[in-house]
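Chain letters run A, B, ... following the sequence lines, proteins first, then strands; residues in each count from 1.
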Amino acid sequence: MKQAGDFYLEAAGEGEPWGERPLGAPEARALQEVLRQRVRLTPLPRRPRLVGGADAVCDREERLIFGAVAVFTYPELELVEEAAVSGLCPFPYRTGLLSFREAPILAAACRRLGRAPDLLLVDGQGVAHPRGLGLASHLGILLDLPTLGVAKSRLLGEAGEPDAAQGSQTALMWQEQVVGLVLRTRTGVKPLYLSPGHRCTLEEAVDLVMGCLKGFRLPEPLRRADRLSRKLRAHCRSLTG
DNA sequence: GCGACAG
DNA sequence: ATCTTGTCGC
């Protein structure tokens with residue numbers, strides 16, 4: 001059994017969940033339209049005991065990508081385990097197509113976990129996406145895991161500015177629908193953009209994210225995953241040059 | 001054509 | 001996302 005703090009190097013550039021052939025942007029968008037049919041915004045069966053966070057970073061040349069996941073107990077917020085993997089970057093960044101770049105490496109990292117979390121926070125949008133399939137939703141479908149999108153900025157939609165106080169929130173509207181919410185996780189800092197990914201609802205999102213805070217703007221599972229992915233990138237840099 | 005645009 | 005200097009606040 002791996003211990004918290006360990007991380008792993010592993011080639012994860014092959015076997016993207018959408019197939020062997022490299023996808024073009026039009027094909028990727030078409031695939032999103034198909035996969036969106038599988039998104040289910042149902043409540044969590046119970047209060048989660050394990051909450052994970054998933055984040056990915058690329059190297060400067062956009063050749064490699066590093067994905068990490070960190071799992072904490074909830075609501076105690078004690079680190080249970082974490083995993084990180086590296087791979088070839090499978091897709092360029094394109095607005096609305098982020099999941100084709102990051103979902104494979106994040107899925108690979110999650111599969112290294114000894115136990116799946118009850119909820120996974122993902123650094124990106126859930127259904128607040130042009131085709132209803134942001135990174136959190138796509139990853140949730142791939143892993144069949146409850147996911148919540150926790151983005152640091154807005155992709156689409158309109159929302160009022162939440163009050164400066166911690167916990168203030170406003171609805172994120174798009175096409176006459178509430179697709180997410182804007183949440184002030186710390187007094188006076190830029191708010192986060194939450195939207196359900198898969199097998200979870202917007203209503204439970206606020207309490208869960210607020211319950212994962214430890215005095216910073218980002219919830220702990222995401223902070224930890226961010227740190228770990230960067231740590232793996234630095235490690236791989238030191239091996240190469 | 002113009003502006004917007006997760007990471 | 002990355003690059004990048006100093007700067008402000010705890």
Using a heavy-atom cut-off of 4.0 Å across all strands, would you classify A:D123 as base, sugar-phosphate, or nothing? sugar-phosphate
What stems involve DNA chain C, if each pair must be Watson-Crick or G-U and both of its distances must be under 3.5 Å, with 3 or more such pairs in a row? none
Strictly below 4.0 Å, N to O, side chains only: are A:R199 and A:D144 in salt-bridge contact? yes
Hydrophobic clustering (ILVMFWY, side-chain heavy atoms < 4.5 Å, transitive) - are A:I65 and A:Y93 grouped together? yes
Sidechain N-carboxylate O distance under 4.0 Å for A:E82, A:R112: no
Give a yes/no on whether any side-chain N or O of A:R63 is located under 4.0 angstrom from OP1 or OP2 of C:dA1. no
Validation: residues 202-212 of chain A side-chain donor-acceptor distances under 3.5 Å, sequence neighbours left out:
unit_1, atom_1, unit_2, atom_2, d
A:E204, OE1, A:L44, N, 3.3
A:E204, OE2, A:L44, N, 3.0
A:E204, OE2, A:T201, N, 2.9
A:E204, OE2, A:T201, OG1, 3.2

How far apart are the C-alpha atoms of A:S195 and A:Q125, what are their side-chain angles, what is the distance that settles it, and do they pass the side chain to side chain contact (heavy atoms under 4.5 Å, CB included) test? CA-CA 6 Å; A:S195 58; A:Q125 311 288 346; 3.9 Å; yes
Please list all pairs passing the salt bridge (Lys or Arg N to Asp or Glu O under 4.0 Å) test where one or both residues lie in residues 152-178 of chain A, with sequence neighbours left out. A:D123-A:K152, A:E161-A:R184
Members of residues 32-43 of chain A that approach DNA chain C, where some heavy atom sits under 4.0 Å away: none
Interatomic distance, CG@A:L222 vs CG@A:L148, rounded to 0.5 Å, equals 9.0 Å
Atom CZ of A:R101 and atom C1' of C:dA1: how far apart are they, to the nearest Å? 7 Å
Salt bridge (Lys or Arg N to Asp or Glu O under 4.0 Å) partners for A:D59, two or more places apart: none
Whether A:H198 side chain and A:R40 backbone form a donor-acceptor pair below 3.5 Å: yes
Have a look at A:V69 and tell me which of A:V122, A:L120, A:V85, A:L228 forms a side chain to side chain contact (heavy atoms under 4.5 Å, CB included) with it. A:L120
B/S/- along nucleotides 4-10 of chain C (protein heavy atoms under 4.0 Å) is -------
Nearest-angstrom distance from the residue atom CZ of A:F66 to P of C:dT2: 11 Å
Nearest-angstrom distance from the residue atom CD of A:E62 to P of C:dC3: 10 Å
Near DNA chain B, under 4.0 Å by heavy atom, which residues of residues 146-158 of chain A? A:A151, A:K152, A:S153, A:R154, A:L155
Please list residues of residues 190-209 of chain A whose heavy atoms come under 4.0 Å from any atom in DNA chain B, ordered by number; otherwise none. none
So what is the 5' to 3' dot-bracket string for DNA chain B, if pairs are Watson-Crick or G-U wobble with both distances under 3.5 Å, crossing pairs use [ ] and | means the partner sits on another strand? .......
Nucleotides bounding contact with chain A, strand DNA chain B, heavy-atom threshold 4.0 Å: B:dA4 to B:dG7
List the residues meeting salt bridge (Lys or Arg N to Asp or Glu O under 4.0 Å) with A:R230, not counting sequence neighbours, and say none if there are none. A:D226
Scan for salt bridge (Lys or Arg N to Asp or Glu O under 4.0 Å) pairs involving residues 41-52 of chain A, sequence neighbours excluded, and state none if there are none. A:R46-A:D118, A:R49-A:E76
Should the pair A:F100 and A:F91 be assigned to parallel (<30°), tilted (30 to 60°) or perpendicular (>60°) ring geometry? tilted
Treat each ILVMFWY residue as a node, draw an edge where side-chain heavy atoms are under 4.5 Å apart, and state whether A:L121 and A:L143 are in one component. no
Checking all strands, does A:I65 fall into the base, sugar-phosphate, or nothing category for heavy-atom contacts under 4.0 angstrom? nothing
What is the separation between atom CD on A:Q125 and atom P on C:dA1, rounded to the nearest whole Å? 13 Å
ILVMFWY cluster, A:L113 and A:V80 together (side-chain gap under 4.5 Å): yes
